[in-house]
Amino acid sequence: MPSLLFCGPKLAACGIVLSTWGVIMLSMLGIFFSAKSAVLIEDVPFTEEDIREDKNPPQNIYGLYNQVGINCFIAAAIYVGVGAVSLCQVRLNKRQEYMVT
Amino acid sequence: MSSLFRSEEMCLVQLFFQTESAHNCISELGHLGLVQFKDLNPSATAFQRRFVKEVKKCEEMERILSKKVFSTFEKLEQELREINRNHATLRQNLIELMDIDSLLRMTEDFFEEVLEINFSFFSFNFIILPPSEDSVFVAGVIKQERFPAFEKVLWRLFHGNFVLRHAEIQATEELQARGAVKKDVFIIFVQGDHVREKIRKVCEGFRASLYSCPKTLYERKQMSNSVMTQMEDLRMILRRTEEYRAGVLTRAAEHVQEWGSKVKKMKAIYYTLNLCNIDITQKLIVAEIWCPVSDLAVVQNALIKGSEQSGSSVTPVLNRIQTQQTPPTFNRTNTFTEGFQAIIDAYGVGTYQEINPAPCTIVTFPFLFAVMFGDCGHGLVMTLFAVWVISQAESLRKWKNEVTDVVIGGRYIILLMGMFSIYTGLIYNDCFSKSFNIFGSSWCVRPMFHPHGPWQNETLHEYHHLQLNPSVPGVYSGDPYVFGIDPVWNIASNKLSFLNSFKMKMSVILGVSHMLFGVTLSLVNFVHFRKFQDIFLQFVPQLIFMLSLFGYLIFLILYKWCITLRSETAPSILLLFINMMLFDYQSEHVLLYGGQKGLQIFLVLTAVLMVPVLLLVKPFLIYRTRMKTRHQVSRAEKDNVICFLLQVSMGDIFVYQAIHTVEFCLGCISNTASYLRLWALSLAHAELSEVLWRMVLQVGLKISSGMGSLMLVVLFAAFAVLTVTILLVMEGLSAFLHALRLHWVEFQNKFYEGSGYKFTPLSFDSLLKTQQ
């Protein structure tokens, strides 16, 4: 079966570091968006109409907050996958190193 | 206890030891790494020294060693070639045996087939092969690609009067590993005896190898068994050969390493012996060493051990001598303090027994770095990176890159910088440019609305920017945020107006405190060197000058922060300070407190009075002492003493004092302004961080559809890479450099002389480390 190795040891290590950081930071961002933190107001894509036409303020804005939060959680999940792939690559690299020596 | 803050007390010691035990003694001292040999023959050139021959011999040996490496390598090469040749022949034999083995297995099927055909077609007389003694069969192995041509030639030769069977040899993994090509087994049945020669010639032409195959089943089985045993033996021999080869190589490598370090040590010992004196009887060697006073006992023990090893009866003698020469500066460090001492020594090694700024630098340097770096997210990343480097320090040293060496050398500095940055990040309330609201903000928007405050619903529609008015009750709770900057400032559009003022004032406070600390350290130096006159002539005037001007500035800053003012009429501290220096008190200027005018005039006059004190008093006192000694000495008629006293002329002293005074007074102002870089870099870092968030990550966050998460994944990767390269590496290096400059120039020119020379002991560890 063809080798599953497609990146060297350094790229795989970078992948692991990046995914760990991504998982932690994006999941924390997701939590803060779900908690409707005021500091993150500028990152929420609301428009004038959302504020003016709100029948039940501030539920529109809250809904947008939740959407962005879910986006962050999905991105964190994708990074979990990237991290798993990188971990496999690191293991395969180590095994190949042992086989050569 | 005092040695933590200043360099160790050193003593000059004379060593006497016998020539026979010289080598062992110096070797012991080298392993100890605590003594520095003084050059007793400074006028001798390199060629005139006693042991120059031996040093040359050692250098020769180094060259020979590298040559020996080559010759050993040549010998190794020959040996290896032989081993390889044997290996190849053995392998060939193994392959042949394996071919025979497969041949034997396949001929079984052929023979059965032929017997079948004969029996079934015997009645029809189709095949002309009765199982008689006349029939000849030849068996062999041929390369698979040559087989079709081989078959055609045989057809032409025998006009079809033969039976040819072939089968592919199963390519086992072992065969593939040993590099064999694909081969076929064939077997030919022909009639007639004379054809054997023809077949042999054809086979030779096609480079097929023929094997004699016994006719009976029993003989074939025997042959198969013997082939099997032979193959097993061969395999074992091959394995042993490979192991032997590997062993030879590794042993040679070890030896080379050993010889190299031995030669280096010998060269160092002979070089050291060159620095010593040999007395007339040629039996005794005299050496002078600098050694820390606290380590004298250890050195003595090492010498005794060395002399015992060489078998000499006389123990070496240590004789401590007094000297006027300046000893070298030795600061004892461990792995943690090594880095900080190195960055202080990079600017100038401290004068002997002067106060060592390195222990204070352990705290102040990372702190000033962190003031300029202040972001707890970035600080956390930096701390984690430093922890990883510390844990992997030994394995990372093997990379032998200049950059990695620097990073490994400074790993504890980076760790402290990261930890302090987390702290200042919490104070600035900045984490990747966003603030945390842990304790609840002290500002509240709701009270601005009707009925408490002036705003209505329409106010929101009309104005884009609205200002919270703290005098409206309820807007500002009255208690400031518990720790750090209030998180409400993160979403305020006039954030920079507030933060700039805050950070500038903080920088001035930190700078003046740092410089006052430096001036205080000069007091410690004066006390240690017993220059009590200088305390009153230099330290006190300097302190009064700084405190009356810049200490008062700090007081103004703190006072203005503490009192309640209306922002429309509040006086600017900078204007207050300028007017104070210019004695400009017009009635429309607002003052902060009553009696300010009188106090300020008094302070400025005090500061101005200190300048002539610094400038004139000390030279005048020196002049008076010289006049007195001249009167006394002329009575005793010692001319050379007068010459000695007047070596430095009065003009020089005045000029030196003038330079020193001007440098201090003007330097106070420029150095205080220089500390404003703490504000400037902190602002740059915060702005870069915010731009990175807004331009990179926010683009992904603002997409609310499903694609948002994928964009977020990609954009986060870009955000991470840019954060590391721009904010951590570039800003980190920049803040490191500026914090270092603040220490070297603004802090150390208040007290540090830095005119010593470093203690370089004879140490084999550092010698071998530099070799690697």
Side-chain angles (χ1 to χ4, degrees), chain A residues 10-11 13-33 35-48 50-52 54 57-58 60-83 85-86 101, chain B residues 246 377-378 380-381 384-385 388 392 399 429-438 440-441 443-445 457 460-461 464 486-493 495 690 693-694 696-721 723-724 728:
Chain A
K10 287 188 191 147
L11 187 57
C14 285
I16 289 189
V17 170
L18 183 65
S19 343
T20 331
W21 186 357
V23 166
I24 298 177
M25 186 157 163
L26 285 169
S27 47
M28 290 200 72
L29 266 182
I31 295 176
F32 288 134
F33 273 113
K36 326 279 188 306
S37 151
V39 168
L40 294 169
I41 187 71
E42 279 155 17
D43 300 320
V44 174
F46 64 87
T47 56
E48 281 296 316
D50 285 324
I51 302 183
R52 267 186 235 269
D54 205 351
N60 262 3
I61 306 285
Y62 279 8
L64 282 171
Y65 260 108
N66 282 335
Q67 260 182 17
V68 182
I70 290 178
N71 271 351
C72 286
F73 283 126
I74 297 176
I78 296 179
Y79 266 113
V80 170
V82 170
V85 167
S86 300
T101 58
Chain B
H378 300 150
L380 187 64
V381 175
L384 292 174
F385 171 70
W388 175 73
Q392 303 288 318
W399 281 21
N429 216 344
D430 192 356
C431 176
F432 295 112
S433 83
K434 297 287 167 188
S435 295
F436 290 118
N437 185 5
I438 309 176
S441 172
W443 292 74
C444 194
V445 181
N457 250 351
L460 291 178
H461 296 307
H464 280 275
D486 199 302
V488 76
W489 287 107
N490 195 270
I491 46 178
S493 54
K495 159 169 85 159
E690 189 178 322
W693 181 283
R694 205 152 16 97
V696 179
L697 205 57
Q698 204 177 68
V699 174
L701 290 171
K702 282 216 160 173
I703 304 176
S704 56
S705 65
M707 289 306 295
S709 28
L710 287 175
M711 278 298 284
L712 199 56
V713 169
V714 172
L715 284 173
F716 178 81
F719 172 79
V721 168
T723 299
V724 169
L728 284 178

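Numbered from 1 within each chain, the chains take letters A, B, ... in sequence-line order.
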Please find the pair of heavy atoms, one from B:S709 and one from A:A75, that lie closest to each other, and give the distance.
O-CB, 3.8 Å
Measure distances from B:I703 to the heavy atoms of chain A and classify the residue's part below 4.5 Å as side chain, backbone, both or neither.
backbone
Identify which of A:S19, A:A77, A:S37, A:P45 forms the greatest number of heavy-atom pairs closer than 4.5 Å to chain B.
A:P45
Counting only non-hydrogen atoms closer than 4.5 Å, does B:V381 touch chain A with its backbone (N, CA, C, O), its side chain (CB onward), both, or neither?
side chain
Taking all atoms of both residues into account, what is the closest heavy-atom pair of A:L40 and B:K434, and its distance?
CD2-CD, 4.0 Å
Nearest heavy-atom pair of B:F716 and A:L18: which atoms, and what distance?
CE2-O, 4.2 Å
Is A:V39 in contact with chain B via its backbone, its side chain, both, or neither, using a 4.5 Å heavy-atom distance?
both
Please identify, among B:I491, B:N437, B:L710, the residue contributing the most non-hydrogen atom pairs under 4.5 Å to chain A.
B:I491
Between the CD atom in A:E42 and the CD atom in B:E690, the distance rounded to the nearest 0.5 Å is 7.5 Å
Do B:L701 and A:F33 have side chains that approach each other closer than 4.5 Å (heavy atoms only, starting at C-beta)?
yes
Contact leader toward chain A among B:H461, B:M711, B:R694, where contacts are heavy-atom pairs under 4.5 Å
B:H461
Given side chain to side chain contact (heavy atoms under 4.5 Å, CB included), test B:W693 with A:D43 step by step and report yes or no.
CA-CA 10 Å; B:W693 181 283; A:D43 300 320; 3.1 Å; yes
For residues 61-78 of chain A, which residue pairs qualify under side chain to side chain donor-acceptor pair (under 3.5 Å), counting only residues two or more places apart or in two chains?
A:K36-A:N66
Part of B:S433 within contact of chain A (heavy atom distance under 4.5 Å)
neither
Could you pull out all donor-acceptor pairs under 3.5 Å where a side-chain atom in residues 20-32 of chain A meets a protein atom, sequence neighbours excluded?
unit_1	atom_1	unit_2	atom_2	d
A:T20	OG1	A:I16	O	2.5
A:S27	OG	A:V23	O	2.5
A:S27	OG	A:I24	O	3.1

